[in-house]
Protein chains: 2
Amino acid sequence: MAGRRPTVYDVARQAGVSIATVSFAFRRPAEVRAETREAVLRAAQEIGYVPSASARGLAQRRTGALGLHSFEYLLDRPQGLTEGAVPLQVADLDLDQDVVSWDQLGPGAVSGPAAFPLYVDEVQRGFELEARRHGRPVLVGRSAESGGDVTETAGRVDGLAIFPGRAAERLVREVRLHMPVVVFGSPPDDDPHHHVLADNRGGARELVRHLVTVHGLSDLAFVGSQAPWDLRERFFGMRGELEALGLPAPDEVCDDTDLVDGATFDGVRALVTSGRLPHALVCGSDQVALAVLELLAREGVRVPEDIAVTGFDGILAGRLGAVPLTTVAQPMEAMGRVAVHLLMGAGDEGGRVVRLGTRLQVRRSCGCSRPPTS
Amino acid sequence: MAGRRPTVYDVARQAGVSIATVSFAFRRPAEVRAETREAVLRAAQEIGYVPSASARGLAQRRTGALGLHSFEYLLDRPQGLTEGAVPLQVADLDLDQDVVSWDQLGPGAVSGPAAFPLYVDEVQRGFELEARRHGRPVLVGRSAESGGDVTETAGRVDGLAIFPGRAAERLVREVRLHMPVVVFGSPPDDDPHHHVLADNRGGARELVRHLVTVHGLSDLAFVGSQAPWDLRERFFGMRGELEALGLPAPDEVCDDTDLVDGATFDGVRALVTSGRLPHALVCGSDQVALAVLELLAREGVRVPEDIAVTGFDGILAGRLGAVPLTTVAQPMEAMGRVAVHLLMGAGDEGGRVVRLGTRLQVRRSCGCSRPPTS
DNA sequence: TTGTACGCGTTATCAT
DNA sequence: ATGATAACGCGTACAA
């Protein structure tokens, strides 16, 4: 199994031909005599020859793969955002036993439904499916927030899609890659990249309209950091719709918690303690909303009876809790597919901006008892 | 953005040094004078230099990446197994609009919860997380059942994990790759590969014990193709436990439907039509069980009142249906992590076999009303 | 149809 | 500390 990997030279020698013939036998089978081709393929099979993508990529100046790189900050949390279970440490296991029992694995044996699949994962699925349709392997790279190793991923692919994460927007703008690049959910600047994003403002407006006109709620508060561009957009959308409906709109978010380690939600806590709850907490993302739901449950605040809570994204976890989450769904799989489509599009130089529509997903947390759509 | 990718030569010229110095500046920063290093890095940044993984891989004889290849047969089904919604066709979209509305995207806008994440996806997540921990990018390759392009993936990585899928077991046994290989859920043959699998027999036995001793069910029928090795193991486990409990065990499965296009479940249908239902349908996998649940619902058979139904795997979709599925959970994330661990293990030549324990997941479909565990 | 020879961009081994 | 140069394995133009 180990040992040096066989090369065309080995195959050529084995088959009694030249390396060019070996290459031809693989790349243009039609242009080589049948029996030579057979001999070559058999020789290759026998010695376990696998063409080196490195050498091929070098010769052709293209790797053939597409890349997806995400800057993540909270990964590797088996049970979800707020519960801090420790991920499985494989090195600590004794793998030589007959059976490694479930109990030895601990909570990291399976990915908790609150931790997977998140937004990134669902977009990634679309990316993988569309790449497969084009016969392209996908290289998945992930790095900690603002880590510089995008280049590690970029060096391996012909085109790259990037999740800028929470604070890496600037980094992305400065990156100057000589290949097509798609950036998800970041501001459509005058950079040379393609942008794929959801209609954040439109989605937020539709959500607010629902809360106001269907449920008669008027005092809405926004929860979520304003650092990421897309969350800012959602806040603006909320304000815009409130104003359009002739209601007062808050100037500031009521809580700018970012979902880093030990998210405290001081703003929300303050509201709860003061006893002066708004009618609804409009959260910047599902992950924020789920954490807020957990907090409220601990504090004895009932949702939706005492207060409505909404999210944004449409991740699966929002359906699973005790209180199913009303949210604005993004077309996540579609976003991944569109990214691949753009990366494969040869001619189009410039940075195209593709904005995809959202869909209001009404569930229980806004006060709807029998949701029209699941 | 386009144009030739800059190389070390370009950087060298720009910085007024030799290519060796450029290489050193990146790889052994300590061994180069501070100001030259600065100059080099600045030059690289300016012209957008990204090291070519192909060239590096060629020179070092290793790519640095790990691969995960799956042979799949049913992919790209946005809404799940039995409903045949068409996946999104990106090419048909007009991406130049202001906003591409949700309705134009159709059902393929998001991955249906019955289609994602499936078994493979959850294992893949563990694989990605563990690979990230080791600083390794992951190459995801997928091919249609029995497609030969494993080599496409293998040529790009230093180690490869393979899902042999439903019928590609033989293919995997014949593959002779000169790198560490992990095979998921296939028989631990005398091949040179590592094997990572769940305790299929043990899990099935625990499940059957529950059905018999807790619910008093004695007439159990197995549903699922016996082509895949792991499903055979589960059937054997069921028979073994029945015999151990002094009950008659069926010689054959009652339905050997494989989940290919238009899975018909003739065996199950026959049972329903005949009106002589067994006490329980023990399904070979969650996906089979979910399809069976759907079929029974259409036929007006109530679960668990008229018949119990169980699955195997523990995928998320099993929790989401109208009748939450009792199943045997595999430690999917852990399996992916262990695979990476084995691939990174340098010395160990031979094929190790790691068998991970399962856990009975009791929900409603077996007749339990208040499940002890969720 | 098949063989020879060069280039792809990087690393690493020498000299200097 | 830095520069010249030889691999690395494959594709391909060109020669035979």
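All values derive from a computational prediction rather than experimental measurement. Per chain, numbering begins at 1; letters A, B, ... match sequence-line order.
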Write down the distance between [atom1] ([X]) and [atom2] ([N]), rounded to a whole number of angstrom.
| X | N | atom1 | atom2 | value |
| --- | --- | --- | --- | --- |
| A:Ile19 | D:dC8 | CD1 | C1' | 13 Å |
| A:Arg56 | D:dC10 | CZ | P | 8 Å |
| B:Phe26 | C:dG9 | CZ | P | 16 Å |
| A:Arg61 | C:dG9 | CZ | P | 5 Å |
| A:Tyr9 | D:dA7 | OH | C1' | 11 Å |
| B:Gln60 | C:dG9 | CD | P | 17 Å |

- Task: Please work out whether the ring planes of A:Tyr49 and A:Phe26 are parallel, tilted or perpendicular, with thresholds of 30° and 60°.
- Result: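 Answer is tilted, since the angle falls between 30° and 60°.
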
- Message: Tell me whether A:Gln45 at atom CD has more than 12 heavy atoms from other residues, nucleotides or ligands lying less than 6.0 Å away.
- Response: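 Incorrect, the count does not exceed 12.
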
- For C:dT10, does either OP1 or OP2 sit under 4.0 Å from a side-chain N or O belonging to B:Tyr49? yes

- Message: Is the phosphate of D:dG11 approached by A:Ser23 (side-chain N or O, under 4.0 Å from OP1 or OP2)?
- Response: yes

- Distance-only polar pair, side chains of A:Arg156 and A:Thr63, donor-acceptor under 3.5 Å: no

- Task: Identify, between A:Gly16 and B:Arg27, the residue whose nearest nucleotide on DNA chain C lies closer to the 5' end.
- Result: A:Gly16

- Starting at the 5' end of DNA chain D and moving along, which residue's nearest nucleotide shows up first, B:Thr21 or B:Ala55?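 The answer here is B:Thr21.
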
- Query: Is the backbone N or O of A:Arg352 less than 3.5 Å from a side-chain atom of A:His194, with the two atoms forming a donor-acceptor pair by type?
  - Reply: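 Such a contact is found between A:His194 side chain and A:Arg352 backbone.
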
